[in-house]
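Here is the structure we will look at.
All ligand and atom numbering here is 1-based and tracks the order in the structure.
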Amino acid sequence: MKYEKDYYQKIGFKCGLEIHQRLLTSEKLFCSCNANKEGDKLPIKIERTQRAVVGELGEIDKATGFESMKGRRFIYNTYKDTSCLVEIDEEPPHEINKEALEIAYLIAATFNASLPDEIEVMRKEVVDGSDPSAFQRTMLIGYGGFLELNGRKIHIPSIFLEEESSGIESSDSEVVIYNVNRLGIPLIEIDTDPEIKDPDEAKEVAMRIGTLLRLTGKVQRGIGTIRQDVNVSIKDGARIEIKGFQELEVMDEIIDNEIERQQKLIEISKKLKERKAEVGEAIDVTDIFSNTNTKIIKNVIEKKGVVLAARLSGFKGLVGMEINPDRRLGSEISDYAKIAGVGGIIHSDEDLKSYGISEEEISNLYNRLGIKENDAFILIAGEKEMTEKAISLARYRAEYAIKGVPPETRGIDSKKNITRFLRPLPGGARMYPETDEKPILVDHKQYEEIKKSVPSIEGIESRLMNEIGNKQIVEELIRSPKLQDYFYIAGKIRGDYQLIAITLLQKMKELKRLGKEVEKVSNDTLVCIFERYKDRIITKQAFEPIISAIPRSCADVDKIIEEQNLTRISGNKLVELVRGEIEKGTKQKSLIISNIMSKYRLNIDGEELNDVVDALSKVDK
Ligand SMILES: [Zn+2]
C-alpha cells in the first residue's frame with residue numbers, strides 16, 4: 001500500500017468486493033451435466049446473434065457507436081458430458097440442484113447471513129453473449145450477513161447462488177467463440193458493503209472470504225474457480241468495477257494505481273473546465289493526406305478508407321498527460337476507439353513527425369480544424385464505417401474528460417498492475433422472474449442445523465497446530481488454496497503432517513516455478529508418494545524427482561522410483577555401506593557420512609545414516 005491509512009479516508013476512498021466462487025457439486029445448477037470436468041468437445045456448434053438491450057449500456061449507447069458490439073456473432077462449442085440442451089437454451093431448466101442449494105446455505109451460514117422465506121429464481125440479462133439464452137439465472141439466498149476481521153465487522157448485504165457463464169475461447173470484432181462446458185456450474189456471489197477502508201484491507205477481506213469459502217470444503221479449486229471484482233471510487237471520481245483479480249498479492253498495488261488514475265483524471269477535468277474545453281465535430285480530412293508519406297495513413301487511403309479528425313479545444317498538453325505508468329488520457333481515448341475495431345488513435349500531444357506526418361499536413365490540419373493556442377486534436381484512419389464509430393467513441397470519451405471520471409468496468413493489465421477499460425459500467429442489471437422454476441421454500445429449521453456445522457477458523461487453527469506444530473506453517477496453510485488438499489492427504493496418511501504441509505506449500509510451488517506442471521499431479525497420486533515414504537520405500541529427498549516426473553497414478557509413482565533408482569537404502573544394506581566405508585580406512589564420522597551421501601543423496605535418510613554410523617563406531621571400538 002502506497003500511502004498512510006488516514007490518507008485514504010481523506011480522499012474519500014470507497015471500496016467493496018464481489019467474490020465469485022464455483023461450488024463443488026457433481027452436477028450443474030439446472031441440469032445433470034457434469035460440473036467438474038472439461039468434457040470432450042462435440043463437433044456441434046451453435047450460432048446466435050443477440051441484440052444488446054437498449055438502456056443496458058447507459059447513455060453511451062445513445063451517445064456513441066457502441067452498437068458496433070451488437071452486430072457480433074456468437075458461436076458456442078458444445079460438449080459431451082458437460083453440456084446438454086439446457087445450456088444452449090433448447091430445453092427448460094431442470095429442478096434446482098439440491099446439493100448446490102445446501103452448499104449455498106452452508107456458505108450463507110458461514111457469513112452469518114439470514115435466509116429469505118422463499119427463494120425466487122430470477123433471470124439477469126447478460127449482454128456480452130456469454131450465455132446463449134442472453135440471461136443468467138440467479139437467486140438471492142442470503143442477506144444481512146457479515147464477517148469479522150481484526151475486530152471490525154465487514155457487512156455482507158447479499159449472497160447469490162447463480163449460474164457460471166461460458167468461457168471465451170477466442171474473440172475479435174466480429175465473432176466471439178464461447179465454450180459452454182463451464183456454463184451453468186453453480187457459482188456463489190458474495191458482496192460486501194463499500195466500507196473497506198484502504199487497499200490493504202481490501203486484500204485482507206478478499207483473502208478472508210476465500211479462506212472461509214475453502215474451509216467449507218465444498219468449493220472448487222484451481223485457476224479461475226474464484227474471481228474477485230473490486231468496486232472502487234474516490235471523492236469527485238466515479239465508481240469503477242475492476243474485474244478479474246487472480247493474484248491477490250498485487251490487489252493493493254492495482255487499487256493504488258486506480259486511485260492515481262482517478263486523481264489525475266480529476267485534475268485534468270479541473271483544468272479543462274478552467275479552459276472552457278470543448279470537443280469539436282468529426283471532420284473528414286482524408287484529402288489532406290492524399291500524397292502522404294505516413295505509412296499507416298497511406299495504406300488506409302489505398303484501401304479507400306478515410307481519415308477523420310476532431311478538435312479538442314483547450315486540451316493541449318492534457319491528452320498527453322501521464323495518468324498511470326506509461327498511460328495518458330490519450331491512451332484512454334484510444335481504448336474507446338479500439339472498441340470499434342481500429343488499431344488506435346493519433347493525437348497532437350504526440351510527436352506527429354515520428355508517424356511521418358509532414359509540416360504541411362500538420363499546418364493543413366490546423367487550418368481545417370481551426371486549432372488555436374490551447375487546442376489539441378485526435379486523428380483516426382481506417383475503413384469508413386469503423387472509423388466513424390471509432391471517432392464517435394473517442395469524442396465521447398474526450399467529452400467525459402471535461403466532466404471527470406467515467407464510470408466503467410475495467411480489467412487488469414497484469415504486466416503493469418494497472419486497470420484497463422473494458423466497457424462502460426452498466427446501469428443496474430435488469431432482472432425478471434424465471435417462470436420455469438418454482439419458488440423454493442426455505443426450511444429454517446434445516447438452516448439452524450446447518451449453522452451448527454459451520455467450521456470456525458479458530459477450530460481449524462487449533463487442529464492444525466496439533467498436527468503440524470509450527471505456527472508459521474499453520475498460518476500460511478490457512479490462507480492458502482492448498483488447505484483442502486492438505487485435509488484430503490492428511491486424512492489418508494494420518495501422520496507426517498508437517499511434511500505434507502511443507503510439500504504442498506513450498507515444494508510444489510518451487511517445482512511450479514521451475515516450469516513443472518505440478519497441478520497435473522492429483523491428490524491421490526500425492527497420497528501414494530506419502531505412503532511410499534511412510535512405508536520406508538523412499539526418502540523425503542526422492543519427492544522432488546518423483547513429483548517432477550509428473551506421475552498420473554500410483555503405478556507411475558512406482559515406475560519412477562524404479563527407473564530413477566530412488567528406492568531407499570536402509571537397515572542391513574545401509575550397515576554394509578557404512579562398514580565398507582570404514583574398511584576403506586575412513587575414520588572421521590563426518591567424512592563417512594559425506595562420502596556415502598554424495599553417492600546416495602536421494603536414497604538415504606540422513607538421520608538413519610547418522611544412527612548407523614554411531615552404532616558401528618561404538619561396536620568397532
Ligand atoms: Zn446440461
message: Tell me which one of Thr525, Asp524, Asn523 satisfies side-chain contact (heavy atoms from CB on, under 4.5 Å) with Val521.
response: Thr525

field: Qualifying residues under disulfide (SG to SG under 2.5 Å), relative to Cys31, sequence neighbours excluded
entry: none

Axial cation check for Phe245 ring with Arg227, 6.0 Å and 45° limits: no

- prompt: Does the Asn97 side chain pair with the main chain of Glu27, one donor and one acceptor, at a distance under 3.5 Å?
  reply: yes

message: Please give me the protein atoms (N, O or S only) lying under 2.8 Å from the Zn ion (ligand 1), ordered by chain and number.
response: Cys31 SG, Cys33 SG, Cys84 SG, Glu87 OE1, Glu87 OE2

- request: Please list, chain by chain and in numerical order, all residues satisfying side chain to side chain contact (heavy atoms under 4.5 Å, CB included) with Ile75, sequence neighbours excluded.
  value: Lys45, Glu47, Arg73, Val175, Ile177

Pairs under 3.5 angstrom only: tabulate donor-acceptor contacts from the side chains of residues 107-116 to other protein residues two or more places apart or in another chain.
unit_1: Thr110; atom_1: OG1; unit_2: Leu106; atom_2: O; d: 2.8
unit_1: Asn112; atom_1: ND2; unit_2: Phe146; atom_2: O; d: 2.9

